[in-house]
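A, B, ... follow the sequence lines: proteins, then strands. Residue 1 opens every chain.
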Amino acid sequence: MSESTPHGLAIFAQRVTDAVAAALQLPADQIQLERPRNEEHGEFAMPCFRFAKVQKCNPAELAGRLVSDLNIADVTASNIGPFLNFRIDDLALATQMAADARREDFGKGLSSERTLVEYSSPNIAKPMHIGHLRTTVIGAALARIFEFLGHDVVRINHIGDWGSQFGKLLAAWRRWGSDEKLEAEPIAHLLELYVRYHAEEKTDPSLDAAAKDEFLALESGEENDARRDWKHFTELSLGEFKTTFERLDARFDLIRGESWYEDKLEDLVQWLDAAGVLEWNDGAIIVDLESEGISTPCLVKTSRGTTLYATRDLAAAKSRWDEFHFDRCLYVVGAEQSLHFKQFKAVLKRCGTDWWNRIEHIPFGLVRFTEGKLSTREGRVLSLQDVLDRAVELAREIVEAKNPDHVDKDWVAEQVGIGAVVFHDLKHQRQKDVVFNWNEVLSFEGDTGPYLQYTHARCCSILRKADRQITDVDPALLADARDLWVALGRFPAAVREAAEKREPMLLAQTLLKIAAAGNSFYREKRVLGNDDPVLENARLAAIDGLRNTLAHGLMLLGVPTPEEM
RNA sequence: GCGCCCGUAGCUCAGUUGGAUAGAGCACCGGAUUUCUAAUCCGGUGGUCGCAGGUUCGAAUCCUGCCGGGCGCGCCA
């Protein structure tokens, strides 16, 4: 670890690892420290079974021998049976952390790799629904986390603005479209048309042909009616999406719809052909993936000559590689598309690229409903705006009740409501399906976003009332805040692990522990009004470290940080 | 039928990549505020880690087989 930014407990962990490695005469990378289950055992632990086996001795004896051999600065080693436990000395811990936690670069990294993150990617002409929440908040969080670690991050929104579905929409628009309705509520009207198409398609076979003709016209590249209307729908939809992106603090460097790659599709097909991977099958063009262990081939062109999702994704990937030469390109897309990504990577592999393995699907579980499945086609959707609005509305009532004197209740309510929804999504493992439950999403107590925001706001409040510079901090007066320092000290490692595993939950859980330690701290140890300016200064430093770390952590997750609530 | 994911307290979830007595929140019960925001804090009740085998010093975690749920499986995205 050659990075120069403060790493919290990692500094002590490194010393322990080095000392143990030296004592065992092994390279340091063979030593894996764990976290004791019981906090009273200290911050790090190491079971001795493995090493005892190699040395053919009793694990407990080895542990005992190591304890007497080890001499680590600021860390006390002890053994319980075959376990070695390490406890950072109170004063050293407080000294290190009281300084680290307040630094602007606490936990930051100095990587210079280039990471692309594709996320959100809603479909034009359909409302963003609750399912888009996951990709949007997970993707935005991962992008911020990688950026915090120093990566050159490129955020891409791969808008679904192309494909045969737009043939359907255009066919429906020709028959039942209304200019007035479109102007008033664009997405609502387009959704209505889409739903009606699917309803009438069952009894009217001419619709299907009309839809295919419309898409053919659209894909012809000519400036015709199909293209003009499609463009109009696209602009109107994007206008509505932008409000949601802003509310969720989801920013993008590139909003590139699938259509952006339209003029690259022929080149892509030729590139595949040159690589010798194309085959013709029933008039369609495919890439066989049997050799890669995938029994379903990848379809590149339909028998009608139109392109498909996979074609456009391949073109996009190649275009991105040519443009960015990324170290990794993450696709935050639902788990139900796992096969698609397997196929799409396998095609690139068969083409002989040396970068196919830098493409990574970041799958997440489905949002389900107890009342049964939602379906865009049938018009049963839970709009994301509605979820956010409802959370904000409830937050508004609570602010009114708890802090009637707040100067800007609407703004806090927006921040708290959004924070609750965003955090609720990010505190779970992304792979697991989630059952949408209003009671949980709208909960503001316990392990929730508002709890973290509250803790942060309390810190701000104390610092505001102190109203002065914090100077001459004496760490000895903070040696009794062990739980707080340990929790804060784990923040840098949590950020790194969240990035490595592409799992924001790891950061979310760490922040909850920090907030819990923080709440206990300022409840037990009064900061202001002690008639002891030296003690007050020291505790203010702790509060400021807590505030700073929470502010950074919440920012990374996309949870707003009001200073008063 | 085949493939992938999931199964831990009444509910929602963690569980440090195989380690010590399986932990939080919600709910329920009992406490805490003359002072920095009670969206809080402290304590209690609550477990056959889906089931059965296997691997080994040691399994919620790894392997196999079942059971249950979700998703996917060439001309949609």
Looking only at side-chain N and O atoms, does [X] come under 4.0 Å of OP1 or OP2 in [N]?
X         : N      : result
Ser338(A) : C4(B)  : no
Lys427(A) : U12(B) : no
Lys53(A)  : C57(B) : yes
Gln429(A) : G15(B) : yes
Tyr451(A) : C41(B) : yes
Arg35(A)  : G19(B) : no

Gap between atoms [atom1] and [atom2], on [X] and [N] respectively (whole Å):
X         : N      : atom1 : atom2 : answer
Ile514(A) : A24(B) : CD1   : C1'   : 16 Å
Ile470(A) : C36(B) : CD1   : C1'   : 14 Å
Glu500(A) : U17(B) : CD    : C1'   : 12 Å

Exercise. Does the base of U40(B) carry an N or O that pairs as donor and acceptor with the side chain of Arg523(A) under 3.5 Å?
Worked result: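 Between U40(B) and Arg523(A), which were checked side chain against base, a qualifying N/O pair under 3.5 Å is present.
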Exercise. Do Asp161(A) and A77(B) share a donor-acceptor pair, side chain to base, under 3.5 Å?
Worked result: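 No, no donor-acceptor pair under 3.5 Å.
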If you look at every strand shown and take non-hydrogen atoms under 4.0 Å, does [X] touch a base, only sugar-phosphate, or nothing?
X         : answer
Ala52(A)  : nothing
Pro363(A) : nothing
Asn58(A)  : nothing
Arg312(A) : sugar-phosphate
Asn439(A) : nothing
Leu339(A) : sugar-phosphate

In terms of side-chain heavy atoms of [X], which of [options] is nearest?
X         : options                : value
Gln337(A) : A22(B), A77(B), G74(B) : A77(B)
Tyr309(A) : G15(B), A77(B), U37(B) : A77(B)
Arg50(A)  : A39(B), G19(B), A77(B) : G19(B)

Problem set entry | Point-to-point distance, once rounded to the nearest 0.5 Å, from CD of Glu214(A) to OG of Ser164(A) |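 If we round to the nearest 0.5 Å, Glu214(A):CD and Ser164(A):OG are 13.0 Å apart.
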Exercise. What form does the base of U17(B) take, syn (within 90° of 0) or anti?
Worked result: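 Syn, angle within 90° of zero.
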Exercise. Which way is the base of G74(B) turned, syn or anti, if we draw the line at 90° from 0?
Worked result: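 Classified syn.
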Exercise. Which atom names give the shortest non-hydrogen contact between Ala487(A) and Ile514(A), and what distance separates them?
Worked result: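 In this case the closest contact between Ala487(A) and Ile514(A) is O-CG1, 3.4 Å.
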Exercise. Asn537(A) and Arg468(A): which non-hydrogen atoms are nearest, and at how many Å?
Worked result: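 Minimum heavy-atom separation between Asn537(A) and Arg468(A): OD1-NH1, 2.7 Å.
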Exercise. When you compare C29(B) with U45(B), how far apart are their P atoms, in angstrom units rounded to a whole number?
Worked result: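 The answer is 16 Å between these two P atoms.
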Exercise. Is Arg547(A) salt-bridged to Glu563(A), cutoff N-O under 4.0 Å?
Worked result: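 Salt bridge: no.
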Problem set entry | Criterion side-chain hydrogen bond (donor to acceptor under 3.5 Å, both in side chains) on His424(A) and Glu440(A), from CA distance to verdict | CA-CA 8 Å; His424(A) 176 262; Glu440(A) 267 180 57; 3.1 Å; yes
